[in-house]
Participant: 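Got a structure for you, questions after.
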Amino acid sequence: MTTRPRKPAPGTPAPGKLPLPEVAEMKRRGDRIVMVTAYDAPSGRIADDAGVDLILVGDSAAMVVLGHDSTVPATVDEMIILTRAVNRGARRPLVVADLPFGSYQVSDAQALETSIRFLKEAAADAVKLEGAGPMLSRVRALTSAGIPVMGHIGLTPQTATMLGGFKAQGRNAAKAVQLYEDALALEAAGCFSIVLEAVPAPVAARITEALSIPTIGIGAGAGCDGQVLVWHDMLGLYDGKSPRFVKQYAELAPTIRDAVARYAAEVRDGAFPEAKHTYAMADEELALFEDALAEVHARR
Ligand code: KIV
């Protein structure tokens with residue numbers, strides 16, 4: 001009798017996947033954690049090949065992929081399609097699905113229903129939500145149900161209007177203390193990690209020291225336990241204005257534009273396709289085809 005490889009039981013990590021507790025271990029060892037956003041299977045695969053630890057399927061997709069002016073319009077259905085695609089490309093990194101605006105703010109029950117969809121339909125390993133205060137009970141409800149949660153404080157793009165725009169947060173002592181207390185409360189509620197976005201570096205460093213869970217910074221300085229950048233920002237693919245905290249590691253848009261322009265020119269002047277890009281046919285089949293066409297024409 002042959003034995004077939006067993007599929008992992010539902011709720012258990014796929015083979016080769018970074019175990020979630022390893023994220024906390026990395027903080028304890030002082031190993032910096034690398035997170036990027038990704039929104040499709042090829043970028044998930046590239047991020048995996050490049051050795052990133054966590055992939056965030058961010059609702060930044062609304063801006064960098066779907067062309068909206070903010071993250072607010074992202075829907076659960078859109079985010080599920082993107083998360084599932086990333087999961088088809090990525091093996092080792094933990095895939096964190098960003099809960100879009102309106103999919104968790106209403107109640108703990110709504111947050112649970114949305115997150116369960118991400119785990120079941122998109123095989124997400126964890127979810128991320130923005131804010132503290134009323135969101136603490138969401139974190140408790142999700143983690144009690146066995147769903148790992150990443151927090152996100154500082155500049156929270158879903159509520160940027162309330163914050164006065166896409167601006168750094170925690171820049172006076174009172175606001176910095178509020179962020180510090182929010183971070184401690186999110187840890188106590190059960191988050192396995194917290195994104196700190198656009199927070200002064202000394203504030204982020206003090207928060208990082210105070211927590212036993214890792215912080216992932218974006219515009220929050222080198223004192224965080226890890227960093228995250230948005231795929232399109234870091235690769236020079238976004239034509240909107242990138243924030244000052246973005247470091248661009250490649251300038252891919254001009255390379256892609258040039259390639260597409262060369263393709264267009266070659267189609268127009270007949271240089272593409274060449275013989276090597278086309279399929280041949282045996283001479284006798286071609287002759288039979290021509291005879292058959294002659295008959296078709298004769299019948300008309
Ligand atoms: O949606 C996103 O990409 C994010 C990151 C900026 C942390 O939330």
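Just so you know, these numbers use all the heavy atoms, side chains as well, and skip hydrogens, waters and symmetry mates. Throughout, numbering of the chain's residues begins at 1 and tracks the sequence. Keep in mind it's a predicted model, so treat the numbers as computed, not measured. Counting starts at 1 for both ligands and their atoms, following the listed order.
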Participant: Under 4.0 Å between a Lys/Arg side-chain N and an Asp/Glu carboxylate O for Lys17 and Glu22?
Facilitator: no
Participant: In terms of ring plane angle, is the pair His232 and Tyr39 parallel, tilted or perpendicular, where the classes change at 30° and 60°?
Facilitator: tilted
Participant: Please assess Met234 against Val230 for the test side chain to side chain contact (heavy atoms under 4.5 Å, CB included), listing each intermediate value before the final yes or no.
Facilitator: CA-CA 6 Å; Met234 68 177 287; Val230 168; over 6 Å; no
Participant: Applying a 4.0 Å heavy-atom criterion (strictly less than), which segment of Thr37 is in contact with ligand 1: side chain, backbone, both, or neither?
Facilitator: side chain
Participant: Decide, yes or no, whether a salt bridge links Arg45 with Asp49 under the criterion of side-chain N to carboxylate O below 4.0 Å.
Facilitator: no
Participant: Got the closest protein heavy atom to atom 2 (C) of ligand 1, with its distance?
Facilitator: Ser60 OG, 3.3 Å
Participant: Salt bridge between Asp239 and Arg257, side-chain N to carboxylate O under 4.0 Å?
Facilitator: no
Participant: Counting from 1, what ligand 1 atoms have a heavy atom of Gly58 closer than 4.0 Å?
Facilitator: 1 (O), 2 (C), 3 (O)
Participant: Given Lys128, Gln158, Glu130, identify the one with the heavy atom nearest to atom 8 (O) of ligand 1.
Facilitator: Lys128
Participant: Mind checking whether Ile216 contacts ligand 1 via backbone (N, CA, C, O), side chain (CB onward), both or neither, at a 4.0 Å heavy-atom cut-off?
Facilitator: neither
Participant: I'd like to check which ligand 1 atoms, numbered from 1 as shown, lie under 4.0 Å from a non-hydrogen atom of Asp98.
Facilitator: 1 (O), 2 (C), 8 (O)
Participant: Nearest heavy atom to atom 5 (C) of ligand 1: which of Val228, Leu229, Leu56 does it belong to?
Facilitator: Leu56
Participant: With a cut-off of 4.0 Å, which atoms of ligand 1 are near a heavy atom of Ile218?
Facilitator: 6 (C)
Participant: Does ligand 1 come near enough to Tyr39 that some N or O of the ligand is less than 3.5 Å from an N or O of the residue?
Facilitator: no
Participant: Would you mind running through ligand 1 and noting each atom that sits below 4.0 Å from a heavy atom of Glu197?
Facilitator: 6 (C)
Participant: Between Arg138 and Asp108, does any NZ, NE, NH1 or NH2 come within less than 4.0 Å of an OD or OE carboxylate oxygen?
Facilitator: yes
Participant: Given 3.5 Å as the limit, does a donor-acceptor pair link the side chain of Gln110 with the main chain of Tyr104, or not?
Facilitator: yes
